[in-house]
> 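One structure follows; several queries about it will come next.
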Amino acid sequence: VSEYSSFESLICQHLGAEQTSRLKQLGRVASSQSQQLYLVGGPVRDLLDGNTPEDIDLMIVGNAPAFAEYLFSNWTELFPQSDAPIDFQSFDKFLTAKLVFPSAVFGGSKTLDFATARRESYPHSGAQPIVSASTLLVDLRRRDFSVNAMAIDVGPECFGKLEDPMAGEQALGARELRVLHDDSFVDDPARLLRAVRFSQRFNFKLAPRTAELFRIGIDSAFLTRLPPFRFFDEMKKSFSERNPYAVLLEFERLGVLSQFDESLRGAPSLESLNSMLVKIEMGRESLASTAEGEGEIAEQWHGVLVLLFAGLSESEFRRHLKHYRVNSKHKRVLLRLWVELNDSLP
Ligand code: CTP
């Protein structure tokens, strides 16, 4: 075994002793199935940046759906001390799977995501990638930014070993977002939105070449190549950020809002955003206490979206939601907020 500096104590510090030993057990189970397990992407970035990760994303060099299914079927024998998952979902086309738990068993979230280490190819700009199983290195190289292209081994041989072939740790220290190749924004224009979102959240600057490529992508309206539901999904994540106003202003400045939807004229005022967020917070508190409120609780992104589309007629708003393939649960919440907002306008 070669020398390496272990991030075990960092993992333990942020996830706690119990979750760390559970993670080790997961690594042992993977190894017993001749597969290798890694923490990957967001949680590695967050740990190395001194933050506790919300989601635990795991990469399996092997077969993620098969591994997750094995865990689901044998959980009680493998992890007698912890809550068993209540659901298993696999997305075979994407070589991913997830386990859903009744409580936060890993990280702060109730789900655990597994992805097979993969190669991705984009048939055309903005398309869903075609994926096939591959190696750790190929998987890290196909990612958006170097800070998101790191993995930590959680297998029994080298628990805590960082895999960082794209120098993500160094970029993290320099607070820099760097794409891994020149076609990154062409392949996946959603990364233009991710660049804005991560720059605002972590106070990152774009590295010089990345900034050039970003400018080309924005000026050439690469974003309009995205299928509307993918554009929508990334906007939703942006509106869920801790400081949605900063992201909105940046989107307005860059012309992203009008690329998202021609009918959008600009970011809402800070005042209207704040009063919407207070209203949502109050609604959460009162609805949370009622059992039937569960599915109807408004989230921050619902509020931001409704403010952006406040000028439309109700039928136009409904048409937009259909266009973005918003599901019926979210549609109900959005329409309720939309009606309340428009009723309160002079
Ligand atoms: N990813 C990518 N290109 C995308 C979307 C995702 O390369 N268009 C990769 C990144 O490596 C990212 C990982 O997939 O880290 C997981 O994506 P996601 O969960 O969306 O992002 P996180 O980095 O986990 O960010 P967040 O903290 O917002 O969850």
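Quick note: residue numbers are just sequence positions, from 1. Order of appearance sets the numbers: ligands from 1, and atoms from 1 within every ligand.
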> In the single-linkage hydrophobic clustering (I, L, V, M, F, W, Y; side-chain heavy atoms under 4.5 Å), do Ile216 and Val179 co-cluster?
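Looking at the clustering, Val179 is in the same group as Ile216.
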
> For atom 8 (N) of ligand 1, what's the nearest protein heavy-atom neighbour? Residue, atom name and distance, please.
Asp188 OD2, 2.6 Å

> May I ask whether Phe198 has any heavy atom positioned less than 4.0 angstrom from an atom of ligand 1?
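Judged by the 4.0 Å heavy-atom criterion, Phe198 does count as contacting ligand 1.
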
> Using a plain distance cutoff, I'd like to know if Asp144 has any nitrogen or oxygen under 3.5 Å from a nitrogen or oxygen of ligand 1.
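There is such a contact, yes.
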
> Say whether, by atom type as modelled, one donor and one acceptor occur between the side chain of Ser184 and the main chain of Leu180 under 3.5 angstrom.
no

> Do Asp46 and ligand 1 have an N or O pair less than 3.5 Å apart?
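No, Asp46 has no N/O under 3.5 Å of an N/O on ligand 1.
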
> Using a strict 4.0 Å cut-off to heavy atoms of Lys237, name the atoms of ligand 1 that fall inside it.
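Those of ligand 1 that fall under 4.0 Å from Lys237 are 20 (O).
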
> Among protein heavy atoms, which lies nearest atom 16 (C) of ligand 1, and at what distance?
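In this structure, atom 16 (C) of ligand 1 has Asp57 OD2, 4.3 Å as its nearest protein heavy atom.
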
> Do Asp49 and Arg45 meet the salt-bridge criterion of a basic N to acidic O distance under 4.0 Å?
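No, no charged N to carboxylate O under 4.0 Å.
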
> Apply the test salt bridge (Lys or Arg N to Asp or Glu O under 4.0 Å) to residues Asp83 and Lys110: give CA-CA distance (whole Å), side-chain angles for both, the deciding distance (0.1 Å), then the verdict.
CA-CA 11 Å; Asp83 282 346; Lys110 293 181 184 173; over 6 Å; no

> Can you name the residues that form a side chain to side chain contact (heavy atoms under 4.5 Å, CB included) with Glu169, not counting sequence neighbours?
Phe7, Leu48, Met150, Leu162, Asp164

> At what distance is the nearest protein heavy atom to atom 5 (C) of ligand 1, and which residue and atom is it?
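Atom 5 (C) of ligand 1 sits closest to the protein heavy atom Arg194 CZ, 3.2 Å.
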
> Provide, to 0.1 Å, the distance between atom 3 (N) of ligand 1 and the closest protein heavy atom, together with that atom's residue and name.
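That would be Arg191 NE, 3.3 Å.
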
> Ignoring hydrogens and geometry, is there a side-chain-to-backbone donor-acceptor pair from Asn74 to Glu77 under 3.5 Å?
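Such a contact is absent between Asn74 side chain and Glu77 backbone.
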
> Test your reading of the structure: does Arg45 have an N or O sitting under 3.5 Å from an N or O of ligand 1?
yes

> Test question: given the 4.5 Å side-chain rule for I, L, V, M, F, W and Y, name all other residues clustered with Leu136, or answer none.
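Leu136 shares its hydrophobic cluster with Tyr38, Val40, Met59, Val61, Leu140.
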
> Using a strict threshold of under 4.0 Å (side-chain N to carboxylate O), is an ion pair present between Arg191 and Glu234?
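Judged by the 4.0 Å cut-off on N to carboxylate O distance, Glu234 and Arg191 do not form a salt bridge.
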
> Which residue from Glu234, Arg230, Arg143, Arg201 reaches closest to atom 28 (O) of ligand 1 through any of its heavy atoms?
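Of the listed residues, Arg201 has the closest heavy atom.
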
> Please list the nearest protein heavy atom to atom 29 (O) of ligand 1 with its residue and the distance rounded to 0.1 Å.
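For atom 29 (O) of ligand 1, the nearest protein heavy atom is Asp55 OD2, 4.0 Å.
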
> Measure the distances from the heavy atoms of Glu54 to every atom of ligand 1 and state whether one is below 4.0 angstrom.
no

